[in-house]
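Note sheet for the following structure.
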Amino acid sequence: MDDPPTSILQLPDDCLHIIFQRLDSSSDRDSFGLACHRWLRIQNSSRRSLQLLVGSSMNIESFHLHRLLDRFSQLQSLSLAGCTELLDSGLSALLDNGSKLQILHLDCCYGITDHGLSFVASGCPYLAIISLHRCNITDVGLETLSKSCLALKDVNLSYCSLISDHGVGAISKNCRQLRAVDISHCRSVNGTGFKGCSQTLSYLEAASCDFDPEGMMAIFSGGGLEYLNISSINWWINGHGLSLISARFISKLRVLNFRLYRTIGDDAILTISKGCPLLQEWSLALCHGIGIAGWESIGSNCFNLERLNVNGCRYLCDEGLRALRDGCKRLRYLYLGRCRRISSTAIEMFKCLRSDVEIGDEEAMCIAPDWAFRL
């Protein structure tokens, strides 16, 4: 007797999951759930990432998130960025459905405070990446988060005006896998919260922060920094703190952004150029305190430097350009706009002797590597 014909609808859920995962095109994936309710459930449970595309006036309430998280129960990445009306109560949905989340974006969720962050801490124990850009959180919320989300690697706190070094210190002390932190425009953070940070901390964005010499020493204390942005730093001590940092704490630096660090001087430049043998990219745009000694130390010591941004450096002259030309053997890009003391003859001589270097007038505004804040 012939076996009855077998229908794909008789396949178990595990097989349907495998079939769905092997669909290459997004249109096929989107249409998969149209077959029947069961296939829709398979499609929903296979989704790992969700980003809400909302307007600034859209009100995302608690029951919206509960329904979304019930439907997509296996999410590992969730972005609520731009949900400006989202309140703390909305994040209570994470208590039941956040256990698998590893990435959470709450950028510009102005209604989120420490209370909402407590739901994140309780519901998302395996969180690795969180972005709280412009959220109204304080040190209390950061301390709560740091005690529960020990696996945190990347934390974006930019423009969180209510936090201080106490909260940053809690994250730094308790989250020992910390890899990347953004504290840009956090005016109450002076850097001391990073004292004793883990060696895993390799990426720090700290543009427009009010660092002091002690804070500058603290951010290097882990010894693992590879990328540092302290552009537009508000620091009055002429960069002398940098010149006191031991070479063993800065030896892994590869990318430095000192844009608009107007008071940095030759001593600090000498310390960095000698102490950072791996340095590949350096922005010194609008750094007006660097003299001949500083440019000569870069030329003599930065053997691996590939990109150098010196736009608008007031005291870079022909002699300084010659030092860069004769040194920096691996240099490939030089951004040289608005350097008034450099003659056209010196530039032409540079081009003639270093045809391997591309000279540009436009300033490279962002030099951050793209690996941070991604799993």
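Reckoned from all heavy atoms, side chains included, excluding hydrogens, waters and symmetry mates. Each residue takes its place number in the sequence, starting with 1.
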Hey, quick one: are [X] and [Y] part of the same hydrophobic cluster, counting side-chain heavy atoms closer than 4.5 Å, chains of contacts allowed?
| X | Y | result |
| --- | --- | --- |
| Trp295 | Leu353 | no |
| Leu286 | Ile264 | no |
| Ile230 | Leu270 | no |
| Leu150 | Leu127 | no |
| Leu117 | Leu162 | no |

Write down the atom of [X], the atom of [Y], and the distance for their closest heavy-atom approach.
| X | Y | value |
| --- | --- | --- |
| Ser273 | Cys302 | CB-SG, 3.7 Å |
| Gly327 | Arg354 | O-NH1, 3.1 Å |
| Cys313 | Cys287 | SG-O, 3.8 Å |
| Lys329 | Asp326 | NZ-O, 2.8 Å |
| Tyr227 | Asn229 | OH-CB, 3.3 Å |
| Phe119 | Ser89 | CE1-CA, 4.4 Å |

For residues [X] and [Y], determine if any side-chain heavy atom of one lies less than 4.5 Å from a side-chain heavy atom of the other.
| X | Y | answer |
| --- | --- | --- |
| Arg179 | Thr200 | no |
| His166 | Glu143 | yes |
| Leu253 | Val255 | no |
| Cys317 | Ile292 | yes |
| Ile250 | Thr271 | yes |
| Ser202 | Leu225 | no |
| Arg340 | Arg314 | no |
| Ile233 | Met216 | yes |

State the [atom1]-[atom2] distance between [X] and [Y], to the nearest 0.5 angstrom.
| X | Y | atom1 | atom2 | answer |
| --- | --- | --- | --- | --- |
| Cys109 | Ile137 | SG | CD1 | 11.5 Å |
| Leu68 | His66 | CG | NE2 | 11.0 Å |
| Leu132 | Leu104 | CG | CG | 7.5 Å |
| Asp154 | Asp182 | CG | CG | 10.5 Å |
| Leu204 | Phe220 | CG | CZ | 8.5 Å |
| Cys149 | Gln102 | SG | CD | 12.0 Å |

Exercise. What do the steps show when you test Val310 against Leu334 for side-chain contact (heavy atoms from CB on, under 4.5 Å), and what is the final call?
Worked result: CA-CA 8 Å; Val310 295; Leu334 179 63; 4.1 Å; yes
Give a yes or no on whether the backbone of [Y] and the side-chain of [X] come within a donor-acceptor separation of less than 3.5 Å.
| X | Y | answer |
| --- | --- | --- |
| Ser221 | Gly196 | yes |
| Ser300 | Glu296 | yes |
| Ser184 | Ala207 | yes |
| Asn156 | Ser131 | no |
| Asn309 | Asn311 | yes |
| Thr144 | Val140 | yes |
| Asp107 | Ala81 | no |
| Asn304 | Arg330 | no |
| Asp318 | Ala346 | no |
| Asn190 | Asp212 | no |

Problem set entry | Pair Ser343-Thr345, side-chain donor/acceptor within less than 3.5 Å |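 No, Thr345 and Ser343 have no side-chain donor paired with an acceptor closer than 3.5 Å.
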Exercise. Using a distance-only test with no angle check, is there a side-chain donor-acceptor pair under 3.5 angstrom linking Thr138 and Asp114?
Worked result: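 Judged by distance alone, the side chains do pair up.
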Problem set entry | Face-on cation placement of Arg307 at Tyr333 ring, 6.0 Å and 45° thresholds |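 Relative to the ring axis of Tyr333, which defines the angle, Arg307 lies inside both limits.
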For this session: Evaluate side-chain contact (heavy atoms from CB on, under 4.5 Å) for Tyr335 paired with Asp361, printing each intermediate quantity in order.
Result: CA-CA 6 Å; Tyr335 302 95; Asp361 293 327; over 6 Å; no
For this session: Just say parallel, tilted or perpendicular for the rings of His133 and Tyr159, cut-offs at 30° and 60°.
Result: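 Correct class here is perpendicular.
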Problem set entry | Under-4.0 Å salt bridge between Arg332 and Asp356 | yes
Exercise. Out of Ile103, Asn97, Leu69, which one pairs with Leu78 under the side-chain contact (heavy atoms from CB on, under 4.5 Å) rule?
Worked result: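 Only match with Leu78 under side-chain contact (heavy atoms from CB on, under 4.5 Å): Leu69.
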For this session: Would you please test Leu279 and Phe303 for side-chain contact (heavy atoms from CB on, under 4.5 Å) and show each step?
Result: CA-CA 8 Å; Leu279 197 61; Phe303 305 114; over 6 Å; no
Exercise. Taking it one step at a time, do Lys173 and Cys197 satisfy side-chain contact (heavy atoms from CB on, under 4.5 Å)?
Worked result: CA-CA 6 Å; Lys173 176 183 177 181; Cys197 60; over 6 Å; no
